[in-house]
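Scope of the values below: all heavy atoms of this structure, side chains included, with no hydrogens, waters or symmetry mates. A quick note: this is a predicted structure, and the numbers were derived from the prediction, not measured.
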Amino acid sequence: RLVLFDSTADVDARDIPLLPYVLHPYRAPWWQRFMSGEPPVRDLVYSFCGALSYAPLLPDEHVRGGLFRRLAGHGNDFFIGTLADAKKTYGRRASYHTLFRRSTFTLCPAGFGRWTFRLAEALLYGSIPVLISDGYVPPYGDLVPWDELIVRCPENEVAGLDARLRQISHKEIAKRQEKIAAYRQFFTEQGTHDRLAHALRPKS
């Protein structure tokens, strides 16, 4: 039996798809929480912080081969770029984690595989994941109503994503955020271990 992160529709029924978990979710220092308050102010509609391209290892038409690189940039309420770009834009205290906390939506594109750590990370930080990964099937589908938590975007529709996200109503955003909070247990280290233990338990 295999434990898989790269879950697809043709996974063998004996294998165990899991969501990768975050070992140490970032928590802002107490003085930042005191000054800014909780919950975090989500002043960015969406963001992505990380490697924009794995070319030439991935083809140009792949979301991380060339598509994302052509979307790179930032404005008053969005950011797509590397960590170095984030620090230039928001100052030296900007980090991969602080962008999760600032973003209503986090773009979660496929990398070398179909899965991405960002899916679990965004969920733990309360940011709505935008899954950009053709063929990926999030695990726990019998328990987690994924389409009520995340937004799916086909890789070939990335160019229109800005307009699509801005059309989502505040009411719909609030509903997804509430669902993410309700299912948070599944995205933690303990939740992942519990799902694995359940899957490995002998059937009586």
Side-chain angles (χ1 to χ4, degrees), residues 2-12 15-23 44-75 77-90 94-100 102-125 127-141 144 146-168 176 180 187 192:
L2 298 176
V3 175
L4 307 171
F5 290 151
D6 213 16
S7 174
T8 62
D10 57 357
V11 166
D12 190 286
D15 295 335
I16 306 168
L18 291 178
L19 196 67
Y21 55 81
V22 183
L23 275 174
L44 299 177
V45 175
Y46 62 88
S47 73
F48 170 87
C49 183
L52 296 170
S53 172
Y54 292 128
L57 299 176
L58 292 175
D60 188 65
E61 64 274 12
H62 189 281
V63 66
R64 300 288 281 284
L67 291 179
F68 238 52
R69 186 171 50 197
R70 294 192 284 275
L71 292 179
H74 62 87
D77 61 0
F78 75 94
F79 175 85
I80 298 177
T82 64
L83 179 57
D85 295 330
K87 290 186 179 298
K88 287 178 185 176
T89 304
Y90 303 116
S95 73
Y96 180 77
H97 304 99
T98 56
L99 282 170
F100 282 121
R102 292 181 59 177
S103 303
T104 298
F105 298 96
T106 293
L107 308 189
C108 301
F112 288 110
R114 296 175 181 86
W115 67 285
T116 167
F117 272 114
R118 280 181 187 80
L119 177 59
E121 290 172 316
L123 289 164
L124 276 179
Y125 291 110
S127 183
I128 301 169
V130 180
L131 184 61
I132 311 168
S133 180
D134 296 348
Y136 177 70
V137 179
Y140 326 144
V144 178
W146 285 108
D147 287 323
E148 297 177 30
L149 281 70
I150 69 175
V151 173
R152 299 177 192 260
C153 176
E155 293 181 31
N156 63 2
E157 295 180 12
V158 165
L161 193 53
D162 180 276
R164 180 182 170 190
L165 294 180
R166 293 180 188 280
Q167 291 173 355
I168 298 176
R176 291 180 185 273
I180 288 171
F187 318 132
T192 301

Under the side chain to side chain donor-acceptor pair (under 3.5 Å) rule, what pairs show up with a residue in residues 151-160, not counting sequence neighbours?
Asp147-Arg152

Mind checking side-chain contact (heavy atoms from CB on, under 4.5 Å) for Val11 and listing every partner two or more places apart, or none if nothing turns up?
Leu4, Ser7, Thr8, Asp15, Pro17

Please identify each residue that fulfils side-chain contact (heavy atoms from CB on, under 4.5 Å) with Leu44, with sequence neighbours left out.
Ser47, Tyr90, Leu99, Arg102, Ser103

Side-chain donor-acceptor contacts of residues 106-117 below 3.5 Å, not counting sequence neighbours, with atom names and distances?
| unit_1 | atom_1 | unit_2 | atom_2 | d |
| --- | --- | --- | --- | --- |
| Thr106 | OG1 | Ser127 | OG | 2.8 |
| Thr116 | OG1 | Arg118 | N | 3.1 |

Any residue meeting salt bridge (Lys or Arg N to Asp or Glu O under 4.0 Å) with Asp12, in chain and number order, not counting sequence neighbours
Arg14

Does Asp134 have any salt bridge (Lys or Arg N to Asp or Glu O under 4.0 Å) partners at least two apart in sequence or in another chain, and if so, which?
none

The ring pair (Phe, Tyr, Trp, His ring centres under 6.0 Å) partners of Phe105 (sequence neighbours excluded) come to none

Among all residues two or more places apart in sequence or in another chain, which pass the ring pair (Phe, Tyr, Trp, His ring centres under 6.0 Å) test with Phe78?
Tyr46

[X] side chain near [Y] side chain, heavy-atom distance below 4.5 Å:
X      : Y      : value
Leu131 : Pro138 : yes
Tyr140 : Leu18  : yes
Val151 : Ile168 : yes
Leu161 : Ile132 : yes

Atom pairs and distances, donor-acceptor, side-chain atoms in residues 52-63, under 3.5 Å, two or more places apart:
| unit_1 | atom_1 | unit_2 | atom_2 | d |
| --- | --- | --- | --- | --- |
| Ser53 | OG | Ala55 | N | 3.0 |
| Ser53 | OG | Gly65 | O | 3.1 |
| Ser53 | OG | Arg69 | NH1 | 3.4 |
| Tyr54 | OH | Arg64 | NH2 | 3.2 |
| Asp60 | OD1 | Arg70 | NH1 | 3.3 |
| Asp60 | OD2 | Arg70 | NH1 | 3.3 |
| His62 | ND1 | Arg64 | N | 2.9 |

Quick one: closest heavy-atom pair of Leu83 and Ser95, and the distance?
CD1-CA, 3.9 Å

Kindly write out the residues that satisfy side chain to side chain donor-acceptor pair (under 3.5 Å) with Thr89, not counting sequence neighbours, or none if the list is empty.
none

Mutual orientation of the aromatic rings belonging to Tyr96 and Phe100 [parallel < 30°, tilted 30-60°, perpendicular > 60°]
perpendicular

